[in-house]
Every structure is written in C-alpha cells, then in structure tokens.
There are 2 protein chains.
Amino acid sequence: MEHDVFLADCPARTTLQLIADAWSVVVIHALGQRPHRYAELQERIGGISKKMLTQTLRKLQDNGLVERRRIPAAPPGSEYRLTPLGETLLEPVRSLARWAEQNTEALLAARGAD
Amino acid sequence: MEHDVFLADCPARTTLQLIADAWSVVVIHALGQRPHRYAELQERIGGISKKMLTQTLRKLQDNGLVERRRIPAAPPGSEYRLTPLGETLLEPVRSLARWAEQNTEALLAARGAD
DNA sequence: CAGGATCCTCGAAGATACTG
DNA sequence: CAGTATCTTCGAGGATCCTG
C-alpha cells in the first residue's frame with residue numbers, strides 16, 4: 001500500500017493536511033517544551049481564539065497526538081501533553097519552526113528584492 | 001529582535017504561516033526532486049486546481065523560495081525550480097512528509113481506538 | 001477555568017471561460 | 001501550454017453568550 005503525499009486519495013495526504021497548518025505546528029511546538037494548561041497555552045500562543053485552540057487540541061487529541069488530563073487539585077483545570085506518538089512529531093515541527101525563525105530575514109529581503 | 005513563533009505579531013509567525021499549509025509543503029516537496037513544468041506539477045500533485053497551483057507558486061516565488069524560468073524551446077512553457085533559499089526548506093519539508101508517510105497507520109489506529 | 005453552542009461574516013477555493 | 005479573470009459558494013473562524 002502506497003502512502004505517497006502526492007496522491008490525492010492517499011491517507012498520507014490526509015495525515016499531512018492534519019498537521020500542516022500553522023496552529024497545529026505552534027501547539028505541538030508549545031507542548032513539546034512541557035505540558036500546558038489550557039489557559040497557559042492560550043496565553044503562550046499569541047492571537048489564537050479559544051475556539052481555534054479547542055478545535056486544534058481536539059483534532060490532535062482525536063488522532064492520538066495529544067492527551068488531556070484533568071487536574072483535580074486547586075486550581076482545577078485541564079492539562080495537555082503530547083502522547084508518545086505526538087512526540088515523534090517534534091523533530092519535523094522543530095525543524096520547521098527553526099527554519100522559520102532563522103530565515104525570516106532572508107524572506108523579507110527576497111520579498112523586497114523582487 | 002525576537003523571532004519567536006509564539007508571538008502573534010512576530011515575522012517568524014508570518015513566515016511559518018507562509019509554508020505551513022499542505023499545498024506549499026507538497027509543492028516544495030515535488031520541486032525538491034527536480035524542476036517541474038507547470039503541467040507536470042499539476043499532474044504530479046493530485047487534486048490541485050490550476051488556481052491553487054498558480055497561487056501557491058506565486059506566493060513561494062514572491063518570497064524567494066521558487067523561481068520561474070521561461071522555456072523557449074518546443075514545446076514552450078514554464079519551468080519552476082527551488083531557489084537556494086527554497087532548498088533550505090527541503091529538510092523540514094521532507095521531515096514532515098516522511099513523518100506523514102510513516103505514521104499514517106498509527107494515526108488511523110489511534111483514531112479508531114479512542 | 002475550560003470549554004460547548006450559536007450566529008455571522010468574509011475570504012479561500014472551485015468552476016468556468018477567456019488569452020498570449 | 002500556462003496562465004488570468006470573474007463569479008459564486010461554502011466553510012473556517014471570530015464574537016458572543018452560556019454551562020459544568
């Protein structure tokens with residue numbers, strides 16, 4: 001069975017689409033540093049609405065990349081962390097983030113040049 | 001100057017959003033193998049419309065990641081290839097694509113489990 | 001505090017048709 | 001062949017209010 005990202009009807013393409021969006025990348029990146037509470041995450045990630053955060057977390061959770069844990073202690077809340085499967089995403093995600101951080105200047109320069 | 005992908009107003013975030021979408025990833029991945037003509041690209045990448053392909057290429061081009069070359073010879077046409085800057089994106093992109101190809105089964109399993 | 005539900009809008013993206 | 005132009009639709013996503 002082929003899993004070529006070039007094939008439209010292939011599961012690998014679906015998988016790629018699942019993670020290849022900016023919010024997922026940023027959320028994974030944040031959870032890669034340490035588990036976060038919901039409010040922490042929203043505070044950490046600038047400009048994400050509660051709706052999008054919840055939606056993104058739920059999507060990742062449904063696909064086994066993130067798990068939620070209830071916190072009974074005061075103050076009560078939820079904690080999110082990467083699953084082992086989710087942690088395998090850290091390398092690609094960090095690679096992307098690193099690239100973005102390092103090449104932003106070059107991109108801006110190229111934009112001005114052309 | 002900070003380039004933290006967590007900050008909403010930071011250029012690095014904009015950069016990340018530029019490339020963190022499925023079409024860009026797939027297009028970069030394709031061009032990473034070899035230069036392609038427009039029609040080749042569309043054929044290669046299943047399910048992408050001319051509009052989206054043109055749009056994606058233009059965006060990447062405007063940011064100095066891809067360059068277009070006119071082909072005068074018969075049959076005439078255009079050829080797209082990665083710029084040196086664009087090639088620096090190959091590692092992250094391949095990393096992502098590899099992950100998607102390798103972990104699709106696991107994702108599907110997780111989806112069923114929960 | 002961590003969401004679910006609802007409403008609404010605006011832009012992404014398909015379809016189609018035309019051009020150098 | 002490699003696009004551009006136009007129109008339209010459809011759903012992502014913001015704003016707001018409500019609940020366990």
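Per chain, numbering begins at 1; letters A, B, ... match sequence-line order.
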**Q** Nearest 0.5 Å, please: how far is CG in A:L16 from CG in B:D21?
**A** 9.5 Å

**Q** Can you sort out which residues in residues 27-43 of chain A have a heavy atom within less than 4.0 Å of DNA chain D? Ascending by number, please.
**A** none

**Q** To the nearest 0.5 Å, what is the distance between CZ (B:R34) and CD (B:E40)?
**A** 4.5 Å

**Q** Rounded to the nearest angstrom, tell me the gap between atom CZ in A:R69 and atom P in C:dG3.
**A** 14 Å

**Q** Do the side-chain N or O atoms of A:R70 get closer than 4.0 angstrom to the phosphate oxygens (OP1, OP2) of C:dC1?
**A** no

**Q** When you compare the side chain of B:I28 with that of B:I19, does any pair of heavy atoms fall below 4.5 Å?
**A** no

**Q** For C:dC1, take OP1 and OP2 only and decide whether either is under 4.0 Å from a side-chain N or O of A:Y80.
**A** no

**Q** May I have all residue pairs that pass side chain to side chain donor-acceptor pair (under 3.5 Å) and include part of residues 68-77 of chain A, sequence neighbours excluded?
**A** A:R69-A:E79

**Q** Taking the side chain as every heavy atom from C-beta outward, state whether B:I45 and B:W23 have any atom pair closer than 4.5 Å.
**A** yes

**Q** Report each atom pair, protein N/O against N/O of nucleotides 13-20 of chain D, whose distance is under 3.5 angstrom.
**A**
from: D:dG13; atom 1: N7; to: A:K51; atom 2: NZ; distance (Å): 2.9
from: D:dG14; atom 1: OP2; to: A:S49; atom 2: OG; distance (Å): 2.8
from: D:dG14; atom 1: N7; to: A:K51; atom 2: NZ; distance (Å): 3.4
from: D:dG14; atom 1: O6; to: A:K51; atom 2: NZ; distance (Å): 2.4

**Q** Map A:P75 and A:T54 onto DNA chain C by nearest heavy atom, then report which one ends up closer to the 5' terminus.
**A** A:P75

**Q** Does some side-chain heavy atom of A:L41 sit less than 4.5 Å from a side-chain heavy atom of A:L57?
**A** yes

**Q** Using OP1 and OP2 only, check whether a side-chain N or O of B:R58 sits under 4.0 Å from D:dG3.
**A** yes

**Q** Side-chain contact test, heavy atoms from C-beta onward, threshold under 4.5 Å: evaluate it for B:T104 versus A:T14 and give yes or no.
**A** no

**Q** Rounded to the nearest 0.5 Å, what separates atom CD in A:E101 from atom CG in A:L96?
**A** 11.0 Å

